[in-house]
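One-based numbering, in listed order, for ligands and for the atoms of each.
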Amino acid sequence: MSIGLKGGRILLRPPREEDFEVIYRLWNDPEIYYLTDDAYWVPKSKEKFREFFKEFHLDGGRPGPGKQNAVFVIELEGKVIGDCGIDIDWRKKRGDVWLELLPEYWGRGYGKEILKILEDYARSLGLERLRAMVNGWNERSKKLFESVGWKLITEIPENGWFEGKWWPDYLFEKKL
Ligand SMILES: CC(C)(COP(=O)(O)OP(=O)(O)OC[C@H]1O[C@@H](n2cnc3c(N)ncnc32)[C@H](O)[C@@H]1OP(=O)(O)O)[C@@H](O)C(=O)NCCC(=O)NCCS
C-alpha cells in the first residue's frame with residue numbers, strides 16, 4: 001500500500017525512482033510543454049532529464065531559504081497519470097500550485113480532485129493561500145481553476161508569446 005494523500009479516485013504520493021519513464025513521457029509531451037510554456041527549458045534527452053528528475057522530483061529541487069517544493073506523482077488505481085506540487089514560501093504562508101496529467105486522462109474531473117487534495121494539504125500545513133499562474137492560451141487550465149472557485153486576481157497583458165501572438169497570463173488565488 002502506498003503512503004500519500006488520498007481524495008476521490010486519486011492518490012498523491014512522493015515520486016520514486018521507478019516513476020522515471022512515465023514522468024519523462026509527461027514532461028516531454030509537446031502538447032503539455034507548449035501549454036505550460038516549458039518547452040524551452042525541459043531537458044529533452046533521457047540522460048539530461050534523469051538529472052533533472054533526480055534533483056527536482058526525488059530531491060525536491062533547490063528551493064532557497066524559507067522555501068520548499070512539495071512534489072507528488074498522481075496515481076489512479078495504482079498507475080501514475082501525472083505529477084503536481086506546491087512551491088511553498090513559508091515566510092508568506094503561501095504556495096504556488098502546478099499540475100499536469102497525461103493527455104489521455106484530461107477532461108474526466110481528475111484535475112478538480114487533485115486541486116481539492118492540494119488545498120486540504122496546504123491548509124493542514126498552515127498555509128493561508130494558494131496561487132497559480134495560467135498562460136492565456138491554456139483555456140482548459142483557466143477553466144479548471146475557475147470551476148473550483150479560485151479567484152482571478154490579476155491579468156498580466158501580453159506576457160506570453162504563443163503561435164505568433166501575445167497572450168495574457170492569469171494569476172488565480174485560493175484563500176484557504
Ligand atoms: C489542466 C489540467 C490539469 C486539467 O485537468 P483535467 O482533469 O483535464 O480537468 P477536469 O476534467 O477536472 O476539468 C476541469 C474543468 O476544465 C474544463 N474543461 C474540461 N475539458 C475541457 C476542454 N476540452 N476544453 C476546455 N475546458 C475543458 C471544464 O470547465 C471543467 O470544469 P467542469 O467539469 O465544471 O465543466 C489538465 O488538462 C492538464 O494536465 N493539462 C496540461 C498541463 C497543464 O496545462 N497544466 C496546468 C498549468 S497551469
Charged N-O contact under 4.0 Å between K151 and E173: no
Remaining members of the apolar cluster that contains I153, side-chain heavy atoms under 4.5 Å: M133, I156, L171
Intermediate values then yes/no, salt bridge (charged side-chain N to carboxylate O under 4.0 Å, His left out), R50 and E17: CA-CA 10 Å; R50 196 175 284 282; E17 183 63 48; 3.5 Å; yes
W166: hydrophobic cluster co-members (side-chain, 4.5 Å): W161
Backbone of Y34 reached by a side-chain donor or acceptor of W137 within 3.5 Å: yes
Neighbouring residues of ligand 1, heavy-atom cut-off under 4.0 Å: T36, L99, E100, L101, W106, G107, R108, G109, Y110, G111, K112, M133, N138, R140, S141, K143, L144, S147
Under the ring pair (Phe, Tyr, Trp, His ring centres under 6.0 Å) test, residues paired with F172 that sit two or more places apart: F145
